[in-house]
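Encoded as structure tokens, the structure appears first; notes follow it.
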Amino acid sequence: MANKEQSFTKPSGKTYSLVEIVKAPTTMVDKGPDNTIFAFPIVAILELIIALGSTLFLVLFSLLKDAPLEELANPLITTDPAKAPWYFMGLQEMLEHMHPTLAGIILPVLAVGFLISIPYIDYSREGAGVWFTSKRGKRIVGWTALYTTIVMSGFVLLDNAFPPRELFRDVLPNLVTQSILPGGVMALLVILPAIVLWKSKEGSNPREIMLVLFTVLFFTAVVLTLTGFLFRGPGFELFLPWAMPGGYNPFDGL
Amino acid sequence: MKKLKEFILNSRPWKSFFRHGWPDNPLDRSLIMTTNIFFHLHPVRVNKKSIKASYSMGLGIITTVMYILLSLTGIMLMFYYVPSVETAYFDIVTLQTKVPFGQLLRNMHRWGAHMMVLTAILHMARVFYTGAYKPPREFNWVIGVILLIMTFVGSFTGYLLPWDQLAFWAITVGTSVAAYEPLMGKTIQKLLLGGPEVGQAALTRFYALHIMVVPAVLFLLIALHIWRVRKDGGLAANEVKDEVEAEDGK
């Protein structure tokens, strides 16, 4: 066996052969592609640091704060307030402002449908891999975020103070006060900044329209989730988080 | 010391395990990536831009790490938990008071779940704002949206398992929304809960979904998601300079 091994030349591990000469701006002889480095070990080290760091964070947090556990489940005693998990509090908050089919089914389905269709509406490759695509994109996102935070907070507060379904209970049918009116206001608030951008002097492209619509969706979700999670107390009424009646603490329900 | 290293690196067990030499040269640094199942998800060379913390913030990796931690702590929780309306709550109480590190175990699973939902949402926002959904990555974005929804489902089904007031009423409120769907709503709610209200049937179903169905679906989709990141050319940050260069070359 030993003889047989020696009868072969030592394997180089890699062989080269000339297949074709290609005219291209980059040749790979003696240098790697520009601006790249070997993934090993740097990527392995970075991933290890992220993994260990987030594990350490989780262990430390778990040592400091205990997971909540209330009394044994009892279908006869309703908790007040009864809240869904925090990531569904945006949905529960919308239920306060419009018809359940609209808030719980139609708008969420539209939102997911919009998310899935984003890359099929904005399919240009321009600006991929750059935060906000451009300086202008960054400004658009900033202003849209500010706009959304203000109008959605305003929508929640106004609707809470003057609920149309109470004010026009005997004047208008439920379909108008619970579905058409709040749905129309929502649609207007969502589309308004996109129309402003579309009609602006500089014009717009699909990416910028997507930036506006996604930012509206994202910050609406943030505002509604925070309202439902932080500002809703007993009776699902609005309170300041630090002035909840009855010692209710929203964070106990995480 | 050097001799010892040589001895180990040339030993049969070592060579049977690692099919490459010590990765201190370009060839072995390439081979380590292509011959290792965990590393082969990565390219041999990466663009410096795509590993900058300010680009991706590592949110996808953190989400994946949370998935792994949740799987590990979840399996350990299963050793102590029986999904019965009679015993489930007291299993949790026992876990927290009598089992060594039981409270820490449960805390890690609970907070880890919240963190996974949060980082998955932030990861989606990062991908959107960096335009990383653009061709050829459209379908991976769609997989990502499904992954986010499955993460919600995973967290939501786990929420019921402690069988305390918090769990019971959160799931009651959460599933009542499904009933408002005009055509199939009541059917969907019944299918989820196995009855008109949250009871043993609901606990059994949520348990099966939580420990088996959702993790398996997530595992498959995460594998597909990461594989497609690799196949679509790594992170989108790679391409920024390359395209400029290609234009200069003309």
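More than 12 heavy-atom neighbours from other residues, nucleotides or ligands sit within 6.0 angstrom of OH on A:Tyr120. Around atom OH of A:Tyr147, more than 12 heavy atoms belonging to other residues, nucleotides or ligands sit under 6.0 Å away. Heavy-atom neighbours of A:Trp131 CH2 from other residues, nucleotides or ligands within 6.0 Å: above the threshold of 12.
For the pair A:Pro85 and B:Phe156, the tightest heavy-atom approach, listed with the atom from each and the gap, is CG-CD1, 3.7 Å. Scanning all heavy atoms of the two residues, the minimum distance from A:Ser54 to B:Met115 falls at CB-CE, 4.2 Å. Listed here is the closest heavy atom pair of A:Ile105 and B:Ala178: CD1-O, 4.3 Å. For B:Leu104 against A:Ser62, the heavy-atom pair with the smallest separation is CD1-CB, 3.7 Å. Here the closest heavy-atom approach between residue A:Phe38 and residue B:Ser30 is recorded as CE2-OG, 3.5 Å. Nearest approach of A:Pro68 to B:Leu166, heavy atoms of both residues: CG-CD2, 3.9 Å.
Ring planes of A:Phe40 and B:Phe39: perpendicular class, angle over 60° (limits at 30 and 60°).
The greatest number of non-hydrogen atom pairs below 4.5 Å with chain A, out of B:Ile68, B:Thr130, B:Ile92, is found for B:Thr130. For the set A:Ile42, A:Thr79, A:Leu69, the count of heavy-atom pairs under 4.5 angstrom toward chain B peaks at A:Leu69. Counting heavy-atom pairs closer than 4.5 Å to chain B, the top residue among A:Leu95, A:Leu102, A:Ile106, A:Ile118 is A:Ile118. The greatest number of non-hydrogen atom pairs below 4.5 Å with chain B, out of A:Ser117, A:Gly137, A:Ala84, A:Ala221, is found for A:Ala84.
B:Glu197 does not touch chain A: none of its heavy atoms, backbone or side chain, sits under 4.5 Å away. Residue contact with chain B, scored on non-hydrogen atoms closer than 4.5 Å, involves the backbone and the side chain of A:Thr215 alike. Residue A:Val109 does not touch chain B at all, counting heavy-atom pairs closer than 4.5 Å. Contact annotation for A:Tyr123: both backbone and side-chain heavy atoms come within less than 4.5 Å of a heavy atom of chain B. Heavy atoms closer than 4.5 Å to chain A are found in both the backbone and the side chain of B:Phe139. Contact annotation for A:Leu91: neither backbone nor side-chain heavy atoms come within less than 4.5 Å of a heavy atom of chain B. In this structure, chain B has heavy atoms under 4.5 Å from both the backbone and the side chain of A:Leu72. For A:Val59, the parts lying under 4.5 angstrom from a heavy atom of chain B are both the backbone and the side chain. Contact annotation for A:Thr133: only backbone heavy atoms (N, CA, C, O) come within less than 4.5 Å of a heavy atom of chain B. Residue B:Val145 touches chain A through its side chain alone, counting heavy-atom pairs closer than 4.5 Å. Contact of B:Val177 with chain A is made through backbone and side chain together, with heavy-atom distances under 4.5 Å. Proximity to chain A is absent for every atom of B:Arg137, based on heavy atoms less than 4.5 angstrom apart.
The aromatic ring centroids of B:Tyr129 and A:Phe214 lie less than 6.0 Å from each other.
The closest donor-acceptor contact from the side chain of B:Asn107 to the backbone of A:Ala67 lies under 3.5 Å. Checking side-chain atoms of B:Trp169 against main-chain N and O of A:Ile77 turns up a donor-acceptor pair under 3.5 Å. Side chain of B:Gln103 to backbone of A:Asp66: no donor-acceptor contact under 3.5 angstrom is found. In this structure, the side chain of B:Arg110 engages the main chain of A:Leu254 through a donor-acceptor pair within 3.5 Å.
Inspection of the A:Ser124 and B:Lys134 side chains reveals an N or O donor paired with an N or O acceptor under 3.5 Å.
Judged by a 6.0 Å distance limit and a 45° cone about the ring axis, A:Arg207 is positioned over the six-membered ring of B:Phe128.
Using a 4.5 Å heavy-atom cutoff, the side chains of A:Asp122 and B:Tyr133 are in contact.
For A:His97, the side-chain hydrogen bond (donor to acceptor under 3.5 Å, both in side chains) test picks out A:Glu93, A:Asp159, with sequence neighbours left out.
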